[in-house]
Amino acid sequence: MRRRFRAPGRVNLIGDHTDYAGGLVLPIAVDLAVEVNVEPAERVVLSSGGRTVEVAADGTGDVEGWGRYPAAVAAELAALGRRPVGMEGDVVSDLPSGAGLGSSAALEIALALALCALADFELEPLELASACRRAELRAVGVPCGILDQAASLLGRADSALLLDCATLEYRHVPLPGTLAVIVVDSGERELADTGYADRQRELAGGMPSRVRHVETENRRVREAVAAFERNDADALGRIFRESHASLRDDYDVSTPELDRLVERAYAAGALAARLTGGGFGGSIVVLAEHDRAAAIAEQLGGRVVRASEAAREITPSKTDSRPGRA
Ligand code: GLA
């Protein structure tokens, strides 16, 4: 029998380019996800959109294209002691890739959950998130932080995740029911592999504007948590504006299109808006009053997303009391 594993994408509400600097992040897992449907096999053989990839169960050997993701995840798990059990099946997704919604992390997490389950191998969520973060580097050379993987594995319905990337301590922050979250894709593909690594080097080299962004962004995450907790829309608007300006001016990861979208969001009646994720394209995140969200999303060409459950197995089974797919 095939088993199904589902891993959500994420929208970072605030706290960008802080994770790899040991700072604070505040993402939600969203109701868009990658699903892996598999049964045990000798090797890892996966089809997605008509393209099949095959890799060794321990991830060794040369692979091309998207096969680099299962290979990298399998290799990272093998390094932690997972038995080399393969799997055969397919991967489906309603999470757009390249839109800055953590689609590669969601793929890694769904694959990792499947590989672990089929080999009866257990890891704590943050160990699994760290393994998938290393897999991203191994697969495509992006030295990402742990934001996307942690959000996918630790997200909770109707809550954001406050994660301290230095200590990996976290807590969930319930979101006010009067607020809705909208994402708007700029249509510009994220160029994470170029500018992203440059910014990390500039930060590590102590470039003042880059350091200032990280310091002020960490403060804004704390302020935003307090503002969500007292449902202070005015404060959230100010904090999101400052975050966007800091990412644009101090960290230099915005684009004219992202800047325009943020202004259009405010003009359409948004309470708060900023670029989200790595920048250089991708999406903006918008907060709106619940009752006006659908209209604002339509006007901006975006979509309302819900803070959703963490990645998990969703195989239907009589003995499984966990909730199925919503
Ligand atoms: C990308 C990376 C994350 C994080 C964000 C910026 O999404 O994958 O680790 O660094 O950029 O906050």
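Both counts, for ligands and for their atoms, begin at 1 and track the order of listing. Note that the numbering runs from 1 along the sequence shown for the chain. Side chains are part of it too, since the values below use all heavy atoms of this structure and drop only hydrogens, waters and symmetry mates.
Counting only distance, with no hydrogens or angles, the side chain of Asp158 and the backbone of Ser308 share no donor-acceptor pair below 3.5 Å. Side chain of Thr216 to main chain of Arg212: a donor-acceptor pair is present (N/O by atom type, distance under 3.5 Å, no hydrogens or angles).
Contact annotation for Asp19 and ligand 1: only side-chain heavy atoms (C-beta onward) come within less than 4.0 Å of the ligand. Contacts of Arg10 with ligand 1, taken as heavy-atom pairs under 4.0 Å, involve the side chain alone.
Taking only nitrogen or oxygen atoms, main chain and side chain alike, His17 reaches within less than 3.5 Å of ligand 1.
Contact annotation: the side chain of Leu113 never approaches that of Arg6 to less than 4.5 Å [non-hydrogen atoms, C-beta and beyond].
When Thr276, Asp148, Ile28 are each tested for a side chain to side chain contact (heavy atoms under 4.5 Å, CB included) with Asn12, only one passes: Thr276.
One option in Tyr196, Tyr20, Tyr251, Phe280 has a heavy atom closer to atom 1 (C) of ligand 1 than any other, and that option is Tyr196. Of the options Thr18, Leu147, Ile146, the smallest heavy-atom separation from atom 5 (C) of ligand 1 is shown by Leu147.
Residues Glu217 and Ser243 have side chains that bring a donor and an acceptor to within less than 3.5 angstrom of each other.
Those atoms of ligand 1 with a heavy atom of Gly145 less than 4.0 angstrom away are 9 (O). Distances below 4.0 Å separate heavy atoms of Asp148 from the following atoms of ligand 1: 2 (C), 3 (C), 7 (O), 8 (O). The ligand atoms of ligand 1 that sit less than 4.0 angstrom from a heavy atom of Asp16 are 6 (C), 12 (O).
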Practice problem: Take Arg260 and Glu257 through the salt bridge (Lys or Arg N to Asp or Glu O under 4.0 Å) test and state the conclusion after the steps. | Solution: CA-CA 5 Å; Arg260 242 192 321 273; Glu257 182 57 22; 2.8 Å; yes
